[in-house]
Protein chains: 2
Amino acid sequence: MKKKKVSIYDIANRLEISSSTVSRALNDHARISEKTKLAVRRVAKELGFEKNHLASGLITNKSFTISIIVPAVNRNFFASAITGIEKVASENGYTVLICQSHDQYEREVKLIDTLIINRVDGIIASLAINTEEFDHFRKAKNAGIPVVFFDRVCHEIEDTFKIVVNDFNGAYLATRHLAEQGFKRIAHIGGYQSQNIFRERLAGYKKGLSEFNLPFDEGLVRYCALNTDDGTKLTEELLQLKPRPDAIFCANNLTAISALAYAMDHNIKVPEALGIVGFSEETVSSLLKPAITSIRQPSEQMGKLAAQKLLEEIDAESSDNMDYTEIELRTELIVRASSKLE
Amino acid sequence: MKKKKVSIYDIANRLEISSSTVSRALNDHARISEKTKLAVRRVAKELGFEKNHLASGLITNKSFTISIIVPAVNRNFFASAITGIEKVASENGYTVLICQSHDQYEREVKLIDTLIINRVDGIIASLAINTEEFDHFRKAKNAGIPVVFFDRVCHEIEDTFKIVVNDFNGAYLATRHLAEQGFKRIAHIGGYQSQNIFRERLAGYKKGLSEFNLPFDEGLVRYCALNTDDGTKLTEELLQLKPRPDAIFCANNLTAISALAYAMDHNIKVPEALGIVGFSEETVSSLLKPAITSIRQPSEQMGKLAAQKLLEEIDAESSDNMDYTEIELRTELIVRASSKLE
DNA sequence: TAATTTTATGCAATCGGTTGCATTAGAATT
DNA sequence: AATTCTAATGCAACCGATTGCATAAAATTA
């Protein structure tokens with residue numbers, strides 16, 4: 001049984017004033033004298049008063065809770081984004097509800113429903129890999145709940161902030177780097193093209209190729225859910241092609257790691273016989289032998305920005321005058337052993 | 001601006017009955033006729049009614065929210081425990097609030113305060129590595145909020161459920177395995193001994209040694225926070241000893257991965273010149289070359305159990321008749337290349 | 001000193017459900 | 001037909017904080 005807690009009425013009784021005065025004093029209302037405010041604060045502290053958010057939320061129609069929906073929390077990129085979001089949120093007195101879609105569209109839809117019912121004040125989301133339809137987010141918007149997308153964003157809904165990195169450029173940097181190292185047949189393990197970011201990464205890959213006059217060959221490209229199983233299977237497929245590709249640019253890091261594992265299993269020397277570059281970093285990227293070259297994304301920064309934009313929108317009186325820009329951050333190429341031919 | 005929503009009063013008006021009847025009908029109260037219930041449900045659906053949890057929570061003093069506090073969400077063990085907790089929680093209509101202590105005692109204390117203020121219905125926690133004092137958890141208990149510990153548990157507070165694995169046995173299995181493979185000088189990178197699980201793992205290690213008549217040598221043991229930096233530094237220290245250890249049993253997986261990385265950097269062949277075994281699995285454990293032998297923990301199962309026990313305690317009228325057992329699950333040795341001499 | 005303004009506080013309704021107790025209508029019993 | 005019982009529903013208080021409006025007290029002005 002949860003204990004009864006100290007309420008503003010207890011403070012009011014003790015000081016023989018009304019509860020409205022206590023409420024106003026605690027909220028630092030201008031119409032309350034300094035003397036009363038001090039007294040109220042003192043007694044509040046004395047009794048160990050803690051505001052009941054349920055009660056104030058009921059009347060102000062706010063929960064001071066925002067929610068994050070990500071595919072999975074155990075990927076480094078999302079974990080650091082979450083860390084960034086949490087920092088900004090807690091600074092502003094918000095609690096953060098973390099939800100995992102496990103990259104399943106159906107779960108994402110259900111989660112949004114739950115969040116609407118629970119009246120969260122805002123939602124930050126990165127789409128499940130198979131989400132191609134966005135009515136659930138529109139439903140949230142219609143319920144008056146602001147939505148901010150990051151990384152895997154939805155362009156179909158225009159009145160939302162979007163925080164992305166320059167995926168095109170990142171992929172271009174990665175591919176160019178491989179070409180500069182002298183690799184000639186550069187394959188690509190990409191994500192399903194339903195997600196914009198993976199289309200961008202494919203486009204950047206193409207640009208990287210063409211800049212070095214390397215032909216784009218659809219046969220060297222594979223699309224998948226970017227998990228380890230896919231990575232292993234598709235690496236095998238690619239490496240059985242004749243002639244064999246001499247490098248792979250992977251659209252995420254898990255597939256890059258599985259590509260590396262596959263190569264080593266089959267005595268294919270990395271980077272001599274196969275150059276590998278990944279996208280976004282895992283904690284272990286630098287620990288693997290050879291360490292994996294990768295595109296670093298400012299994940300925590302993205303999280304912070306997403307949270308800031310969301311709070312901005314929550315605080316705005318009406319969302320009519322919102323300037324819904326898409327914010328694009330820069331990526332960085334981190335060269336490690338898996339792609340360096342010297 | 002959040003939109004006004006349909007309330008039970010809207011349903012009551014439409015049907016020209018009282019709000020209490022609507023409330024009871026929706027809660028399937030025995031005293032309401034089937035006919036009325038059906039009508040209420042129909043209209044509720046028609047109008048798109050969604051119960052306001054703030055309002056009902058205010059009066060029932062429940063939030064239908066439970067919270068998890070873990071050191072970090074981006075470790076595989078915690079991520080799967082969270083997944084387990086979420087499954088059980090959502091089946092029972094609870095929302096899960098995930099918090100990260102980032103392995104810092106101070107943050108853990110703050111988080112608990114926030115949770116108490118937010119009136120969560122229960123807390124599931126795995127301690128920060130430097131938590132040696134538990135008043136914050138007692139405070140939660142005193143506020144009437146049940147606490148369940150898992151993995152890194154607190155034995156000082158007796159009236160809580162605790163879900164653990166047999167750390168002693170896991171460590172014993174790991175060490176015995178190394179000894180069986182013929183390794184003679186087995187070192188140990190352990191966690192700070194403030195945490196019970198790391199004391200257990202050390203004890204299991206000792207038993208494994210003694211069973212094979214290998215002497216326990218304090219000089220071969222190091223204690224740390226078990227992050228990658230510590231792992232790298234301490235591996236270096238250990239490998240510079242003369243005579244050099246020929247195997248390392250690491251108390252977690254991150255340190256095992258860094259030990260492997262260090263060895264490969266310095267041309268020390270694994271497993272021939274150095275056997276490595278870790279504790280608990282990361283997604284990449286099996287992808288590394290050589291793949292790392294490890295102790296597998298039933299992490300999702302632990303999460304499920306923790307959630308079940310917590311809900312049990314929440315539902316119990318008074319906590320007097322709770323049977324606070326410590327539940328111990330089994331670990332399993334997964335032998336991979338990093339320790340197999342053949 | 002009376003009238004007016006300013007400042008500080010209280011009253012009471014409200015948010016949206018829940019619940020103990022009272023009430024009504026209808027069925028069952030005598 | 002009168003009485004008792006039961007099933008179904010309504011009344012109204014309540015959870016704890018917020019807030020528009022009223023009012024009292026103090027300060028200022030005429």
Side-chain angles (χ1 to χ4, degrees), chain A residues 1-41 43-44 47-65 93 116-119 121 143-144, chain B residues 1-41 43-44 47-65 93 116-119 121 143-144:
Chain A
M1 274 297 294
K2 243 186 276 189
K3 296 263 172 61
K4 272 269 182 253
K5 312 206 61 170
V6 179
S7 77
I8 56 168
Y9 294 96
D10 300 318
I11 304 177
N13 284 335
R14 173 75 88 86
L15 289 168
E16 298 190 312
I17 56 177
S18 79
S19 65
S20 6
T21 304
V22 175
S23 170
R24 290 196 176 97
L26 290 171
N27 290 321
D28 210 20
H29 193 284
R31 269 289 143 82
I32 302 293
S33 69
E34 273 312 311
K35 211 177 72 186
T36 314
K37 282 185 190 169
L38 284 172
V40 168
R41 287 197 200 112
V43 175
L47 301 180
F49 169 79
E50 280 159 352
K51 188 203 278 196
N52 186 328
H53 284 80
L54 291 177
S56 63
L58 179 56
I59 199 155
T60 57
N61 207 15
K62 280 207 61 171
S63 61
F64 277 98
T65 303
I116 295 177
I117 291 179
N118 281 291
R119 270 113 169 136
D121 292 336
Chain B
M1 273 299 294
K2 243 185 275 188
K3 294 266 172 58
K4 271 268 186 249
K5 311 205 63 171
V6 179
S7 78
I8 56 168
Y9 294 95
D10 300 320
I11 303 177
N13 283 334
R14 173 75 88 85
L15 288 169
E16 298 190 311
I17 56 177
S18 77
S19 64
S20 7
T21 304
V22 175
S23 170
R24 290 195 177 98
L26 291 171
N27 291 320
D28 209 21
H29 193 285
R31 270 288 144 84
I32 302 293
S33 69
E34 273 313 311
K35 211 178 71 187
T36 313
K37 283 185 190 168
L38 284 172
V40 168
R41 288 199 199 110
V43 175
L47 300 180
F49 169 80
E50 279 159 354
K51 188 202 278 195
N52 186 328
H53 284 80
L54 291 177
S56 62
L58 180 56
I59 198 156
T60 56
N61 206 16
K62 281 207 60 171
S63 61
F64 277 98
T65 302
I116 295 178
I117 291 179
N118 281 291
R119 270 118 169 133
D121 292 337

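Reminder, nothing fancy here: chain letters follow the sequence lines and each chain counts from 1.
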Measure the distance from [atom1] on [X] to [atom2] on [N] and round it to the nearest whole Å.
X: Leu58(B); N: dC15(D); atom1: CG; atom2: C1'; result: 4 Å
X: Asp28(B); N: dA8(D); atom1: CG; atom2: C1'; result: 15 Å
X: Leu15(B); N: dG10(D); atom1: CG; atom2: P; result: 10 Å
X: Lys35(A); N: dA26(D); atom1: NZ; atom2: P; result: 10 Å

task: Treat primed atoms plus P, OP1 and OP2 as sugar-phosphate and everything else as base, then score nucleotides 18-23 of chain D 5' to 3': B for base contact with protein heavy atoms under 4.0 Å, S for sugar-phosphate contact only, - for none.
output: BBBB--

In the structure I gave you, are the side-chain heavy atoms of [X] and [Y] within less than 4.5 Å of one another anywhere?
X: Lys5(B); Y: Ile116(A); value: yes
X: Leu47(B); Y: Arg14(B); value: yes
X: Leu15(B); Y: Val22(B); value: no
X: Asn118(A); Y: Thr65(B); value: no

query: Any side-chain N or O of Thr36(B) under 4.0 Å from OP1/OP2 of dA8(D)?
result: no

message: Need two values: the first and the last nucleotide of DNA chain C, 5' to 3', having an atom under 4.0 Å from any heavy-atom of chain B.
response: dG16(C) to dC21(C)

- prompt: Who passes ring-ring contact (aromatic ring centres under 6.0 Å, His included) against Phe64(B), sequence neighbours left out?
  reply: Tyr94(B)

field: Side-chain ion pair, Arg41(A) and Asp28(A), N-O less than 4.0 Å
entry: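 Yes.
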
message: Using 0.5 Å steps for rounding, measure from the CZ atom of Arg31(B) to the OG atom of Ser20(B).
response: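 Taking CZ in Arg31(B) and OG in Ser20(B), the distance rounds to 14.5 Å.
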
message: Let me confirm one number: the CG-OG distance from Asp10(B) to Ser19(B), rounded to the nearest 0.5 Å.
response: 11.0 Å

query: NA contact type, Ile17(B), heavy-atom cut-off 4.0 Å: base, sugar-phosphate, or nothing?
result: sugar-phosphate

